[in-house]
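Everything numeric here is computed off the predicted structure, so don't read it as measured data.
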Amino acid sequence: MQAFAADAYPAVLSDWGVVVAKGNRLMLGAGVTPYDLATPLFTDYAHKLRTIWIPAGSTARFETDDVFGLPVGTVLSKTFYYPRASGPQGNEIAITEDHNRDFAGEGLDLARVRLIETRLLVHQPHGWDALAYVWNENQRDARLEIAGEALKLASQDGEFTYLVPTRNECASCHASDHTSGKLAPIGIAARHLDKDYDHYRDGTAPQLARWVSTGLLDRAGPSTLRNAIWQPGAFDDLDDRARTYLDINCGHCHNPRGSADTSGLFLDRLTTNPRALGVCKPPIAAGRGSGGRAFAIVPGGADESILVYRMVSTDPAAMMPEIGRTMAHQAGVELIRRWVDSLAPVDCGHATAL
């Protein structure tokens, strides 16, 4: 693993040594640790290989409810890819949420997956920098694309355009503190990471305990709220799964410090006030994004709720999240629809402070 100054970022990803194509595998560099989240952000059904590297002699600081304190020099990577639908080396990708055949140890089997991009978050002395590297077709390396890129991808469901973000667009999500405007990681927090990881070289192990035992993290403890696994069939209940899904997909903006702070709609996991969560809450300035609906969440009425409408929409003027997707997440929409319909009905037209 190689570190670089902010004015000397390499043109190709392989120079970093975070993830490197070797033979028919995408392998992790020395000292690089894979991880995943209880519930991940939806990005047009892309699968993700996440990693963390911390300089030798440094340790992350555990925080109960906030992002961990990560030392200068930390590099986070997220490689976006799709399983191949048409056999080894085929160009058609599969739109699926089945990850069972993706991994080979701690890396990826390149015969089974199509690499799209690898994003880095690099902790420099001045703060965090975001970089996106786009993989070439032979999957040997990826090139730095500051201005982003639009990639045409063919799937079994038809062609679609995958959007690699510009460097500035990364701030749309990662500037989660609207006051400072500085970029920061989102998923490196106890509530997202308190789960088993299934793809270590030696099998399955609890992530936070593994981070402590390998010196990545100074200690581990419980978060106030442990995020659920969102998929149907998970043991966590409907409310936990829905709130977790909104937390990771919406809460980085919709929180009291985020870029959507003026909306008064806070979808992070730590918010408990029903009105702040959107129950019988009219929009402040939704425009056509309201879809003609009057309230963010109408308990017992998913089809009447702005929240559900904006999740379903693919209109750039209405959809939420605003970037990171070009299609609706059908299973995610169904989860939130079921959750809203499960809430005890309230006549929002006559509701007082909740």
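- Checked by atom type and distance alone, the side chain of E92 never pairs as donor or acceptor with a backbone atom of A85 at under 3.5 Å.
- Distance alone, capped at 3.5 Å, is enough to place a donor-acceptor pair between the R325 side chain and the M327 backbone.
- Note: L110 CG to K22 NZ = 12.5 Å, rounded to the nearest 0.5 Å.
- For the atom pair CZ of R191 and CZ of R226, the computed distance is 13.5 Å after rounding to the nearest 0.5 Å.
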- D129 and Y9: side chain to side chain contact (heavy atoms under 4.5 Å, CB included), yes or no, with the steps? CA-CA 10 Å; D129 281 345; Y9 291 137; 2.6 Å; yes
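- Under the 3.5 Å distance criterion, with hydrogens and angles disregarded, no donor-acceptor pair is assigned to the side chains of D218 and T59.
- Rounded to the nearest 0.5 angstrom, N249 CG and W230 CH2 are separated by 9.5 Å.
- Linking ILVMFWY residues whenever their side-chain heavy atoms come closer than 4.5 Å, directly or via other members, leaves L225 and I248 in distinct clusters.
- Under the side chain to side chain contact (heavy atoms under 4.5 Å, CB included) rule, L28 has a single partner from V18, L108, V19, V20, which is V19.
- Between W128 and H123, the angle of the ring planes stays under 30°, which puts this pair in the parallel group of the 30/60° scheme.
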- Task: Applying side chain to side chain contact (heavy atoms under 4.5 Å, CB included), run through D102 and R112 and close with a yes or a no.
- Result: CA-CA 7 Å; D102 294 354; R112 294 186 180 276; over 6 Å; no
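- Side-chain contact between C348 and P282: absent, with no pair of heavy atoms (C-beta onward) separated by less than 4.5 Å.
- Annotation: side chain of I188 is not in contact with side chain of T74 (no heavy-atom distance under 4.5 Å).
- Using a 4.5 Å cut-off on side-chain heavy atoms (C-beta onward), I323 and L163 make no contact.
- Remark: side-chain polar atoms of K195 are not paired, donor with acceptor, to backbone N or O of N227 under 3.5 angstrom.
- Side-chain atoms of D196 do not come within 3.5 Å of backbone N or O of T204 as any donor-acceptor pair.
- The shortest non-hydrogen separation linking P71 to I54 is CG-CG2, 3.6 Å.
- Both F62 and I52 belong to a single network of hydrophobic side chains, linked directly or stepwise wherever heavy atoms of I, L, V, M, F, W or Y lie under 4.5 Å apart.
- Put simply, the side chain of T64 never gets that close to the backbone of G221: no donor and acceptor are under 3.5 Å apart.
- For S342 (side chain) and W339 (main-chain N/O), a donor-acceptor pair under 3.5 Å exists by modelled atom type.
- A side-chain N or O of W16 and one of Y133 form a donor-acceptor pair less than 3.5 Å apart.
- Under the 4.5 Å side-chain contact rule for hydrophobic residues, L37 and F68 share a cluster.
- Residues A242 and I336 come closest through the heavy atom pair O-CD1, 3.8 Å.
- Counting heavy atoms from C-beta outward, P299 and C280 have side chains that approach closer than 4.5 Å.
- When all heavy atoms are compared, the tightest approach of L121 to P185 is CD1-CA, 3.9 Å.
- Other residues, nucleotides and ligands contribute over 12 non-hydrogen atoms within 6.0 Å of the CD atom of E169.
- Panel note: side chain E149, backbone Y162; no donor-acceptor pair is recorded below 3.5 Å.
- Looking at T224 and D65, their side chains do bring a donor and an acceptor atom within 3.5 Å of each other.
- The hydrophobic clustering, which links ILVMFWY residues whose side-chain heavy atoms are closer than 4.5 Å, places L193 and V212 together.
- A salt bridge links D240 with R269; the closest basic N to acidic carboxylate O contact falls under 4.0 Å.
- Between the side chain of T214 and the main chain of R210, a donor-acceptor pair closer than 3.5 Å is present.
- H192 places none of its side-chain heavy atoms less than 4.5 Å from the side chain of T244.
- You'll find the side chain of M311 reaches within 4.5 Å of the side chain of Y245, heavy atoms only.
- Y81 pairs by the ring-ring contact (aromatic ring centres under 6.0 Å, His included) definition with H47, not counting sequence neighbours.
- Note that the CG atom of L144 and the CG atom of L13 stand 9.5 Å from one another [nearest 0.5 Å].
- The line from CG of D36 to NZ of K48 is 11.5 Å long, rounded to the nearest 0.5 Å.
- When all heavy atoms of G23 and R140 are compared, the pair lying nearest together is O-NH1, 3.0 Å.
- Residues L49 and M1 share a hydrophobic cluster, clusters being chains of Ile/Leu/Val/Met/Phe/Trp/Tyr side chains in contact below 4.5 Å.
- Using a 4.5 Å cut-off on side-chain heavy atoms (C-beta onward), L120 and S77 make contact.
- Side chain to side chain, H329 and E97 meet the donor-acceptor criterion of an N or O pair below 3.5 Å.
- The shortest side-chain heavy-atom distance between K281 and I297 does not fall under the 4.5 Å cut-off.
- Residue E159 places its CD atom among more than 12 non-hydrogen atoms of other residues, nucleotides or ligands, all under 6.0 Å distant.
- Rounded to the nearest 0.5 Å, atoms CG (D15) and CG (D141) are 7.5 Å apart.
- The main-chain N or O of L238 is never found under 3.5 Å from a side-chain atom of R338 such that the two would form a donor-acceptor pair.
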- Item | I95 and Y82: CA distance, side-chain angles, deciding distance, side chain to side chain contact (heavy atoms under 4.5 Å, CB included) verdict | CA-CA 7 Å; I95 300 298; Y82 290 92; 4.1 Å; yes
- Message: Would L208 and L217 count as a side chain to side chain contact (heavy atoms under 4.5 Å, CB included) here? Give the steps.
- Response: CA-CA 8 Å; L208 294 181; L217 188 62; 4.1 Å; yes
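- In terms of heavy-atom proximity, A296 sits nearest to S305 at O-CB, 3.3 Å.
- For the pair A294 and P283, the tightest heavy-atom approach, listed with the atom from each and the gap, is O-CD, 3.3 Å.
- In this structure, N24 contributes its side chain and A111 its backbone to no donor-acceptor pair below 3.5 Å.
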